[in-house]
Structures are given as structure tokens and as C-alpha cells.
Amino acid sequence: MEEEVVDALLNGDRETQIRAATDLGGLIGRQRHKLAERGVVPPLLSMLHSQDFEAVEAALFALLRLASGSERNKVRIAKAGAIPVLLSLLQCQSEVLMDLAMAALLILSSCRANKLVIAASGAIQILVEMLSGDNTGGDNNGSSMSMQAKLDAISTFQNLSTCHEIIPLVVSSGAVFSLLQLLCGCDKSSELVQKVISLLETMASWSEIAVEEVAGTGGAIQALVETVEEGSPQCQEHAVGILLLICKSCREKYRGLILREGIMPGLLQLSVHGTWRAKDMAQDLLLLLRECPNYGSRKKQLKNEHLEQIMKEIDAEGEEVAGTALRMVEEMIAKLNV
């Protein structure tokens with residue numbers, strides 16, 4: 001079977017190549033990985049250049065199968081010139097081919113050796129333009145992105161952002177604004193928002209420019225506050241993390257803006273019922289938002305200790321007294337403002 005697939009891809013006509021690419025997907029992992037070493041990647045990439053839908057679809061499926069589970073094959077596919085072809089397919093008129101090309105780019109971006117290559121290929125700007133065009137209803141010279149393509153595009157950004165020198169490129173491309181548009185327009189507990197807000201927190205953690213852009217974009221702080229109130233536990237965690245970064249960057253400038261969006265009820269709830277990381281960040285943000293000109297003094301340390309003691313008492317009470325816990329937090333805020 002392996003010999004037949006290799007021979008068909010290297011020497012076959014259109015129908016034979018399509019059949020071989022389809023058969024390749026049915027091979028077990030070890031067999032597939034061996035095929036890549038025998039030169040099947042170049043003919044598969046040649047099929048991507050054709051105007052034949054069946055040939056392109058079969059080749060994309062085969063490349064996805066070759067890349068899956070093999071870092072070596074991911075590098076081999078990228079080095080063979082797959083990335084520019086995939087970027088071209090992202091702008092085609094077929095949603096099916098767009099989805100497959102986006103999935104292939106996502107898989108290739110998970111390999112550390114490919115990250116800088118992808119970043120240098122123009123992929124970041126293309127993905128930003130696609131997301132922006134889809135958000136605004138503009139023309140991105142292709143089909144509208146499916147939800148799966150959006151999820152995969154954002155996951156690709158997340159993969160690239162693990163290489164921290166790429167984050168400034170992502171930020172300067174306009175990605176922050178595009179992501180904020182998605183955040184403002186979607187259900188705050190959706191999978192899309194979870195991916196968007198996770199990526200935003202990653203970028204804000206490594207880039208002061210990203211923090212400033214989030215804070216300065218109209219409606220962004222409101223959307224973050226809404227996510228604290230309405231989002232899934234993971235969405236709430238990322239949202240409060242971003243708000244904390246914003247407030248820390250310039251407390252005097254952003255404290256009032258955050259408070260005016262009505263953060264306190266959601267923040268109080270999160271400080272009791274959030275994930276452990278969300279609880280810690282919510283408590284830190286509560287302390288930053290209280291009106292105290294000498295934050296950072298001995299007085300702040302004493303009040304931090306007071307906050308920690310109250311939260312320990314809340315945790316000790318357990319889930320059976322959630323209402324009591326919330327009342328205790330409200331009392332804490334009143335005491336901290338004295």
C-alpha cells in the first residue's frame with residue numbers, strides 16, 4: 001500500500017493522485033510518517049496549486065494527516081513551501097478549502113521551528129485582515145470565515161505568541177483591535193470569547209503597548225467588565241487579569257474608568273467564587289480600586305493582611321454559606337475604604 005501511494009503521487013495522473021492522497025489519510029501514523037521521508041510532500045503541494053477543487057481538498061487532507069503527531073513532518077512541510085500556498089488558499093472563495101488551509105496553518109504553527117517562518121511570511125497581517133473584514137462585513141477578497149476558521153486563526157496567534165519575540169509583530173498588526181471587536185460582539189461565555197480573551201491577556205502580559213491599546217479602545221473596558229460578570233470561569237479569569245494589568249499600568253488614569261463600568265458586583269462575586277488565580281487577581285484589583293492615595297505604604301500592607309484574613313475565613317466557611325461569604329466581602333470593602 002505504501003509503495004502504491006508513493007508511486008501514484010509521484011507519477012500518477014490527476015485521478016490517481018487524488019485517490020492516492022485519499023488513501024494516505026487512511027494509513028496508520030507510522031506508515032504516514034515514513035511516506036513523508038520518501039518525497040510525497042512536493043507532489044501534494046503541487047496539487048494545491050491546481051484549480052481543481054477535489055485535488056486541492058484531497059491534498060490538504062493528506063498534508064493534515066502527515067503533519068498530525070509529527071514535529072519532523074511539520075518542519076518538512078513548511079520547508080517545502082507550504083506556508084505561502086496555504087495563505088493563498090485562505091483567501092479563496094471556498095469555505096471548505098479555507099477551513100482546511102486554516103487547520104493546516106494551525107498545526108504547522110504548533111511547531112516551534114516554524115513559528116518565526118510563519119511570522120515572517122505575512123501570515124499575521126493576512127489573518128488580522130481576515131478577522132477584521134469578517135467583523136465589519138468588509139471584503140477580505142474571499143469567503144466569509146466560518147466559526148471554526150476564526151477559532152483556528154486565534155489559536156494560531158496563540159501558538160505564535162508562545163515565541164515572545166513575535167508578540168510585538170502581532171500587536172503592531174492591529175490584532176488587538178480585531179480581537180476586541182470579536183469580544184464586544186460575542187456571547188461572553190462562548191468558546192470564541194474564551195480564545196480571544198486568553199490571547200489578549202497573553203499579549204497584554206508581554207506588551208505595554210497592548211495594554212494601552214486595550215485600555216484606550218472604546219467599549220473594551222465595558223466588555224471586560226461584562227465578561228467578569230457573564231463569562232465562563234476561564235473567561236472571567238482572563239478578563240480580571242487584563243483589568244488588573246490595565247489598572248497597574250496607570251492606576252490614576254484607569255481606576256475611575258473601570259469603576260464607572262460597574263465592576264464591583266462582579267469583582268466581589270469573583271473574589272469568592274472564581275478560580276484560584278481569578279480570586280487572587282480579583283483581590284489585588286479590589287485593593288487597587290479602593291480610594292487610597294498611599295497605595296504601597298505600610299497601611300496598604302496591613303490592609304492586604306486584613307483582606308487575606310477575611311478571605312481565609314470565607315474559604316473556611318465552605319460553599320454552604322455563599323451568601324454569607326459575599327456579605328463578608330462587602331463588609332471588607334467598606335472597611336478598606338475607611
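Side-chain atoms are counted along with the backbone in the values below, which use heavy atoms only and exclude waters and symmetry mates. Quick caveat, the model's predicted, so the values are computed rather than measured. For this chain, numbers begin at 1 and follow the sequence in order.
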Q: Does any part of the side chain of T16, heavy atoms only, come nearer than 4.5 Å to the side chain of N11, both counted from C-beta?
A: no
Q: Closest heavy-atom contact between I77 and L63?
A: CD1-O, 3.8 Å
Q: What is the minimum heavy-atom distance between K188 and V193, and which atoms define it?
A: O-CG1, 3.6 Å
Q: For V170 versus M203, what's the shortest heavy-atom pair and its separation?
A: CG1-SD, 3.5 Å
Q: Is K248 reaching over with its side chain to a backbone N or O of L285, donor-acceptor style, under 3.5 angstrom?
A: no
Q: Atom SG in C186, atom CD in Q194: separation rounded to 0.5 Å?
A: 13.0 Å
Q: For the side chain of R32 and the backbone of R65, is there at least one donor-acceptor N/O pair under 3.5 Å apart?
A: yes
Q: Got a salt bridge between E191 and K150, using NZ or NE/NH1/NH2 to carboxylate O under 4.0 Å?
A: no
Q: So, for K74 and A67, which heavy atoms are closest and what is the spacing to 0.1 Å?
A: CE-O, 3.3 Å
Q: Are there more than 12 heavy atoms of other residues, nucleotides or ligands under 6.0 Å from atom CZ of R277?
A: yes
Q: Counting only N and O atoms by type, is there a donor-acceptor contact under 3.5 Å from the side chain of K115 to the main-chain atoms of N159?
A: yes
Q: Heavy atoms, side chains only, cut-off 4.5 Å: are L9 and L44 in contact?
A: yes
Q: Between S172 and L169, is there a donor-acceptor pair closer than 3.5 Å when you use the side chain of the first and the backbone of the second?
A: yes
Q: Among side-chain atoms of D152 and S155, is any donor-acceptor pair under 3.5 angstrom?
A: no
Q: Please confirm whether the backbone N or O of P265 pairs with a side-chain atom of Q269, one donor and one acceptor, at under 3.5 Å?
A: no
Q: With no hydrogens and no angle check, is any side-chain donor or acceptor of T202 less than 3.5 Å from a backbone partner on S198?
A: yes
Q: Can you list the steps and then say if L87 with I83 is a side chain to side chain contact (heavy atoms under 4.5 Å, CB included)?
A: CA-CA 6 Å; L87 294 178; I83 294 168; 4.1 Å; yes
Q: Just by distance, no angles: are the side chains of S132 and Q181 close enough, under 3.5 Å, to form a donor-acceptor pair?
A: no
Q: Does any N or O in the side chain of S110 come within less than 3.5 Å of the main-chain N or O of I107, such that one atom is a donor and the other an acceptor?
A: yes
Q: Examine distances only and state if a side-chain atom of T217 and a backbone atom of A220 form a donor-acceptor pair shorter than 3.5 Å.
A: no
Q: Run the side chain to side chain contact (heavy atoms under 4.5 Å, CB included) test on I258 and L288 for me, step by step, so that the C-alpha distance in whole Å, both residues' side-chain angles and the decisive distance to 0.1 Å come before the verdict.
A: CA-CA 11 Å; I258 295 171; L288 278 172; over 6 Å; no
Q: Considering non-hydrogen atoms only, spot the tightest contact between A55 and S50 and give its length.
A: CB-OG, 3.7 Å
Q: Under 4.0 Å between a side-chain nitrogen and a carboxylate oxygen: does that hold for R14 and E54?
A: yes
